[in-house]
Each structure stands twice: as C-alpha cells, then as structure tokens.
Amino acid sequence: MFRYFVQRLLVMIPTLIVISMAIFAIIQAPPGDWIETYIAELQSQGEAVDPAKIEFLRRTYGLDQPFYMQYLKWAGGLLQGDLGYSFAHSLPVNEVVGDRLSLTVVVSLASVLFVWIVSFPIAVYSAVRQYSIGDYFFTFLGYIGLATPSFLIALILLYLANVYFGISIGGLMDPQYMNAPWSWAKFQSILSHLWIPVLVIGLPGTAGMIRRLRANLLDELNKQYVVTGRAKGLPPGRLLVKYPLRISLNPFIADIGSLLPELISGSVIVSVVMSLPLTGPMLLDALRSQDMYLAGSFLMFMAFLTVIGVFISDILLAVLDPRIRLGAGASK
Amino acid sequence: MNERTTPHGAQASLPPLPHYVSPAPFDPYSIERTTPEQEKIYLASQWKLMALKFKRHRIAVLSAIVLGIMYAAVLVVEFLAPYHQDTRNVQHIYVPPQPVHLFHKGELIGPFVYALDYKLDMTNLKRTFTENPEKPLKLRFLCRGDEYKWWGLIPGDLHLVCPPEGGPMFLLGSDRLGRDMLSRILYGMRISLTIGIVGVAVSIVLGISLGGLAGYYGGWVDDIVQRVIEVVRSIPHLPLWLALAAILPVTWSPLLIYFGITIILGLIDWTGLARAVRSRLLSLREEDFCVAAQLMGASPNRIIFRHLMPSFMSHLIASATLAIPNMILGETALSFLGLGIRPPITSWGVLLNEAQNINVVVLYPWLMLPIVPVIIVVLAFNFMGDGLRDAADPYR
C-alpha cells in the first residue's frame with residue numbers, strides 16, 4: 001500500500017511539470033504581450049510613451065528574455081509560492097488573488113459534498129425502485145440538469161432568491177462583510193449565500209452521478225448472488241447494503257477525478273454570471289488583457305486542484321479495492 | 001443401435017415398451033432449423049442488428065427524427081426565417097412576443113397578428129407595446145421579403161412567412177436593435193448545430209489515430225499517449241477553452257474564428273474517444289482473426305482499418321453522438337462569456353450573451369428564448385446517443 005502511495009505521488013510530478021509547460025505555452029501564445037497593450041492604451045489616451053520606461057518595464061518583468069527563461073523563472077517562483085506579478089493590477093499575484101483561491105476551494109468542496117449527499121439516496125432509490133414514478137421523475141430531472149446550461153439556472157435562481165428570500169444579488173456575502181475580518185456573522189452570511197452557487201455548480205455533476213450509480217447498482221442487483229441471498233431469506237435492506245451497494249460505490253470515489261474539473265469549469269461560468277469573488281471572473285479579465293502571470297497562475301491552480309483530486313480518488317480506490325492496490329487493475 | 005431408436009418394422013415383433021415412444025419419424029436436425037424470422041436476425045449484418053435494436057428504443061427514435069428535422073431546417077434557414085438576421089426595426093425595440101390569432105371578432109380570417117400601439121412610459125422610460133384589437137394584419141405565406149444570399153452564395157428573397165403589410169411581426173419578440181428573435185434563433189441554429197458536427201469530426205480523427213496508435217502498438221507509444229491524455233484531462237475544460245479562445249487573434253474574420261472555435265472544442269474533447277478506441281484495440285488485437293491477418297502478412301494499416309475498425313465502429317459512433325451535446329454547450333458557454341463566436345455571426349450562445357444580466361430576466365425574459373432549442377438539441381442528442389450505445393452493445 002505504501003509502495004503504491006509513493007509510486008502514485010511520484011507520477012504526479014511529471015504530470016504537473018507537463019501541465020505547467022502547456023499552460024505557460026498557452027498564455028504566452030497570443031501575439032504581443034501586456035506591455036504592447038499598455039503602450040496602445042497610453043497612446044490612445046494621448047500620452048507620450050517614454051522608450052526608456054518601456055525598456056525598463058520589459059527588463060523588470062523579464063519579457064525581453066527568451067521563452068524558456070521566462071518559463072523557468074515562472075515555474076521556479078511557483079515552487080516557492082510566488083505566483084508572479086500582475087501587470088494590470090501592478091501588484092504581486094498573491095496579493096491580487098487574496099481570498100479568491102481559498103473561496104474557490106471552499107465552493108468546490110461544498111459542491112462535491114452536495115453532489116454526493118444528493119445523488120446517493122436518489123440513485124439508490126431509482127435503482128431499487130426501477131421504473132417507478134419516482135425513478136422516472138428523477139431520471140427526467142437528471143436529463144434536464146444535464147441539458148440546461150448552468151448560467152441560465154444561475155440567472156433564474158438569483159432572481160428567485162432575491163424576490164422570495166431577499167438575498168442580495170451576486171457576491172458570496174452581504175456587502176457590509178465584504179472587507180470585514182472573519183467573524184461568526186460573516187460566516188453565516190457566506191453560508192446563506194453559498195447554497196445558490198453550490199446548487200448551480202453541482203447540478204450537472206449530480207445528474208451524471210445519479211445516472212452512473214443507478215446503472216452500476218442495477219447491474220449488480222441483477223447478479224446471481226443477489227438472487228441467492230434473496231432466496232435464502234436475507235432481509236432486503238441488508239441484502240442491498242451488504243454487497244451490491246458497496247461494489248457500486250466505486251464510481252463514487254473514482255469520479256472525484258472527473259467531477260472536480262467539471263465543477264471547476266462550472267464554477268468559472270457561474271461565478272462570472274453571479275459575480276462571485278472566485279477565480280472565474282478574474283481569470284476571464286486576465287485572459288482578455290493578456291495579464292499572463294495572473295491567468296497562468298489561475299489555470300495552474302485549477303489544474304493542481306484537479307490533479308490532487310485524482311490523486312486522492314486513486315488512493316481511496318486503492319484502499320477500497322485490493323485489485324488496484326496489488327497492481328492487477330493496471331493492465332486494464 | 002438398439003430397437004428403441006428404430007421403432008419401425010421391429011416394433012411388431014417386440015413386446016411393447018414400458019414407456020411412451022412417439023411414432024413420428026425422428027429428425028435430428030429439427031433443433032437447428034430456424035423460422036424465417038430467426039433466420040433474418042441470424043443472418044443480419046451487424047449494422048442491421050443495430051438498426052433493429054435502435055428501433056425498439058422509442059425516445060431515441062423520436063430524438064433522431066427531431067434532430068433530422070432540425071438539420072434539414074439548417075439547409076434552408078433563409079427561407080424559413082421571416083426576416084434577415086440583421087434586419088433592424090428601429091421603431092420596434094424590445095417588443096414582447098406577439099401571439100398569432102385565427103379569429104377576429106368571432107370571424108375566421110386565417111392566421112394574423114394585431115397591429116402594435118407604442119407608448120413610452122414617462123415615469124420609468126419603459127417602452128410598452130399594446131395590441132390594437134381593431135387592426136388585424138394578415139400574415140403572408142410564400143412571399144417576397146428581405147433579400148438574402150442562400151449560404152452566402154445564391155441570392156433570393158422568397159420566405160415561408162412574411163410580416164404582414166403595414167406592420168411588423170415578432171412571433172418571439174425583438175431585441176435591443178429591433179431584430180426579430182425568431183429569425184435570429186433560426187440563423188443561430190445553423191452555427192450552433194454545425195459546430196458540434198465539425199468539432200466531433202476533429203475529435204474523431206484525433207481520437208482514432210492517437211488511440212489507434214496507442215492501442216495497436218502498446219509499449220512506449222501507449223505510455224506517451226496515455227500521459228498526454230492524462231494531462232489534457234486534468235486541466236478543467238472551460239478555463240482551457242477560454243485560454244485557447246483568447247489566443248485567436250482579434251484580426252481574424254468571424255468565419256475563421258468559427259473554425260478556430262470548432263478546432264479548439266475538438267482538440268480537448270478527443271481524449272474520451274481515444275481512450276475508448278485504445279481499450280477496444282488492446283482487447284481486439286489478441287483475437288484470433290487479428291493474429292491470422294498478421295501471420296498472412298497484412299500491414300498494420302490494413303489490420304487496423306480493415307479488420308479492427310469495423311468491430312468497434314458502432315461503439316465509436318455512439319460515443320461521438322454523446323460528445324456532440326458537450327460541444328454545443330461548450331460553444332454556448334464560450335460565446336456567452338464573449339470569448340467564442342463573434343457577433344456578425346450568430347449562434348445561440350451569441351444570442352444568450354445579450355441575456356447576461358438580471359435586468360433581462362426581469363424586463364425582457366423573451367431574450368432568454370434561445371435556451372429552449374439548446375435544451376431540446378442537447379436532450380435529443382443524449383437520448384439518441386443512449387439509444388445508439390445500447391444498440392451497439394452486443395451483450396444485451
């Protein structure tokens with residue numbers, strides 16, 4: 001088990017290195033750089049551009065160096081927790097992003113929990129009572145959840161929440177807590193605002209999870225050992241929980257890997273619509289204004305979160321399933 | 001041989017058997033003989049079997065019909081739309097959807113709309129349009145209206161429905177420039193529906209070639225492809241799409257941007273298909289027929305495309321069908337955020353970009369109508385894909 005753990009941990013390193021290269025290549029790819037955007041902006045305002053200042057800016061930010069040097073500098077900084085410098089805000093990225101990264105983690109984790117808590121009982125119910133009215137109802141709801149773009153649900157829920165519950169539109173907390181230090185009241189305010197984004201972000205994931213878990217459980221329920229158990233007179237509840245449910249739980253854990261990128265993607269668009277202080281709106285701005293270190297750090301952070309998620313799900317799977325732990329599953 | 005298997009002739013001389021023996025002649029092949037219906041199934045090709053199974057899945061068939069109609073409509077969008085997508089009616093901004101009536105004062109005069117009276121509410125500066133029940137305006141059918149170029153090539157001006165003379169017709173309302181939403185949704189359908197197809201084509205090509213390489217050769221080729229897939233999958237799609245879409249130069253024409261977006265969508269989506277192809281190939285290449293082909297000296301190309309491909313093509317088509325709705329939703333999301341298709345070209349995402357803020361939900365809810373076709377198309381593709389997948393699965 002320990003061996004597997006270390007092995008899995010070591011595999012993560014090259015993956016992260018390649019991801020960081022890919023991300024750096026992508027944020028570097030647009031023609032021109034931020035300095036050029038800046039010059040154009042100054043010129044459009046009729047201000048004179050001092051070539052010496054431009055030269056100075058380029059040198060300080062390392063924009064005059066070749067591509068690989070810039071990358072090494074950026075990646076080296078990342079390792080030490082230095083996310084680079086945001087041109088648009090003229091501040092280190094660390095200070096610009098502030099609470100956003102931690103709030104993103106909070107919202108993502110809350111969404112994962114939401115997906116699990118909601119989809120588990122529904123999927124079990126749908127599988128056990130297959131083709132009942134409830135099953136059809138949830139299946140239909142699931143399809144709607146898969147097919148409706150999340151931003152639309154976000155807009156409608158925002159409107160409804162404001163009309164019926166009087167929650168202020170947008171944001172993750174009431175305005176008076178915006179810059180206030182952490183307190184119990186602020187925490188409560190966040191909680192009361194959190195449910196809408198969590199609901200919206202989690203909905204497609206929940207729909208997919210219900211579908212997969214239901215299908216797995218149905219496969220398992222039709223196997224012969226279940227029939228045998230029933231024939232021997234095991235109580236239905238025990239018969240369900242003892243084996244079929246445990247086996248069909250695998251996707252629940254294996255899916256953290258694919259669930260997290262989905263949730264983070266969802267959070268980007270939802271946070272833009274609802275103007276939440278998450279990474280989404282800032283990433284969009286950074287991409288538009290070619291603020292490359294800011295954008296790169298956000299992308300890297302999201303990818304990192306996902307890689308960690310996959311890692312955790314692999315470890316949990318290994319704990320749960322001896323076949324994977326002992327290497328038999330690797331050939332699949 | 002004893003007397004029991006040859007009942008004729010010998011029967012008379014022997015004492016009757018203690019149990020019943022049928023006197024009918026024994027036919028050893030009776031079990032193997034098949035009815036014509038069975039024969040049809042046994043002899044059917046794989047594709048025929050799939051079709052037979054697919055037909056039993058009613059929702060999937062219905063979805064296929066809906067999609068068929070929509071794609072047929074894509075061909076003649078200009079004819080179906082009452083206006084051109086860019087026609088502005090400056091007098092009629094933010095008109096709510098007009099209902100079509102049949103009876104005017106209890107009298108049947110065919111489909112018509114009432115003329116609109118415009119009033120500016122001076123307290124909140126809101127434009128209000130009210131129907132004038134005295135002035136029915138009959139719709140015209142198969143008539144000459146806005147000029148267009150069919151697929152940008154053949155000029156024409158024939159429309160299925162035209163606005164009545166002496167008044168506008170906004171069956172689904174109009175937007176902030178007084179453009180007809182119905183026409184814009186129809187024009188947007190062309191872009192939104194084709195983007196999924198082109199994108200999936202890109203991802204199928206990538207998926208088959210890379211997945212095929214990995215699955216057939218195995219070893220280090222497999223390792224590299226696997227790592228690449230892992231890397232692509234561990235970056236969340238939407239941020240990556242956004243970053244790639246931001247690369248597209250501003251100077252590109254909208255049409256180039258359109259192709260750029262489809263390629264971006266396909267570039268990220270191929271991993272799922274590649275994985276499916278790879279795992280199928282890994283198991284198939286151990287089969288006897290593949291070894292036989294190898295021993296007879298067939299080239300890898302021939303083995304992959306001639307012998308292995310047909311065995312998992314059906315499965316691949318099903319996966320591709322399920323990938324299309326993701327692309328449509330992806331394009332909608334990108335355009336909604338303003339990094340996708342750009343305005344002169346209209347897609348459903350571009351239309352929804354106008355419905356971005358809460359004002360629209362409250363004041364002009366009909367601007368959110370493009371969401372309805374998005375949901376219908378995505379649902380239809382999902383149902384059809386499910387049906388195809390079930391039909392392609394030989395173990396059910």
Side-chain angles (χ1 to χ4, degrees), chain A residues 11 14-16 18-19 21-23 26-27 29-31 143-144 146-152 155-156 158-160 162-163 169-170 204 257-258 260-269 272-273 279-280 283-284 286-288 290 295-296 298-300 302-307 309-310 331-332, chain B residues 59 227-228 230-251 272 279 282-283 325-326 328-334 336-339 348-349 352-353 355-362 365 368 370-372 374-383 386:
Chain A
V11 171
T15 311
L16 278 175
V18 176
I19 290 178
M21 283 179 182
I23 286 178
I26 290 172
I27 55 172
Y143 270 116
I144 296 289
L146 274 182
T148 317
S150 44
F151 54 83
L152 182 87
L155 272 177
I156 294 174
L158 260 188
Y159 173 67
L160 292 181
N162 189 41
V163 170
I169 287 177
S258 63
L260 260 181
E262 206 179 302
L263 291 179
I264 290 173
S265 291
S267 79
V268 169
I269 191 160
V272 170
V273 174
T279 47
L283 171 71
L284 202 62
L287 284 172
R288 284 208 187 106
Q290 288 194 21
F298 275 134
L299 285 174
M300 198 59 214
M302 290 174 180
F304 182 69
L305 213 57
T306 320
V307 172
V310 176
S331 60
K332 256 196 214 165
Chain B
I59 303 180
R227 288 293 91 73
V228 173
E230 208 166 280
V231 167
V232 174
R233 281 178 83 96
S234 55
I235 309 180
H237 279 189
L238 192 72
L240 191 55
W241 275 335
L242 287 176
L244 286 173
I247 296 179
L248 301 180
V250 192
T251 46
S279 65
L282 273 181
S283 59
N326 286 338
I328 294 178
L329 282 178
E331 183 275 322
T332 311
L334 274 183
F336 178 78
L337 291 175
L339 278 172
W348 289 334
L352 285 170
N353 192 10
Q356 220 175 28
N357 54 45
I358 199 94
N359 292 346
V360 170
V361 185
V362 184
M368 299 200 303
I371 209 70
V372 176
V374 173
I375 295 177
I376 292 176
V377 167
V378 171
L379 274 182
F381 266 118
N382 269 317
F383 284 134
D386 279 351

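Everything numeric in this text was worked out from a predicted model, so none of it was measured. Order of the sequence lines sets the chain letters (A, B, ...), proteins ahead of strands, with each chain counted from 1.
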Taken to the nearest 0.5 Å, the spacing of B/Leu329 CG from A/Ile269 CD1 works out to 9.5 Å
In terms of heavy-atom proximity below 4.5 Å to chain A, should B/Ile371 be classed as side chain, backbone, both, or neither?
side chain
Taking all non-hydrogen atoms of both residues, which atom of A/Leu299 and which atom of B/Leu240 are closest, and how far apart?
CD2-N, 4.4 Å
Greatest number of non-hydrogen atom pairs under 4.5 angstrom with chain A, of B/Val378, B/Ile328, B/Leu337, falls to B/Leu337
Looking only at B/Leu379, B/Leu352, B/Leu244, most heavy-atom pairs under 4.5 Å shared with chain A are made by B/Leu379
Hits for side chain to side chain donor-acceptor pair (under 3.5 Å) against B/Asp386, two or more places apart or cross-chain, chain-then-number order -> A/Tyr143, A/Arg211, B/Arg389
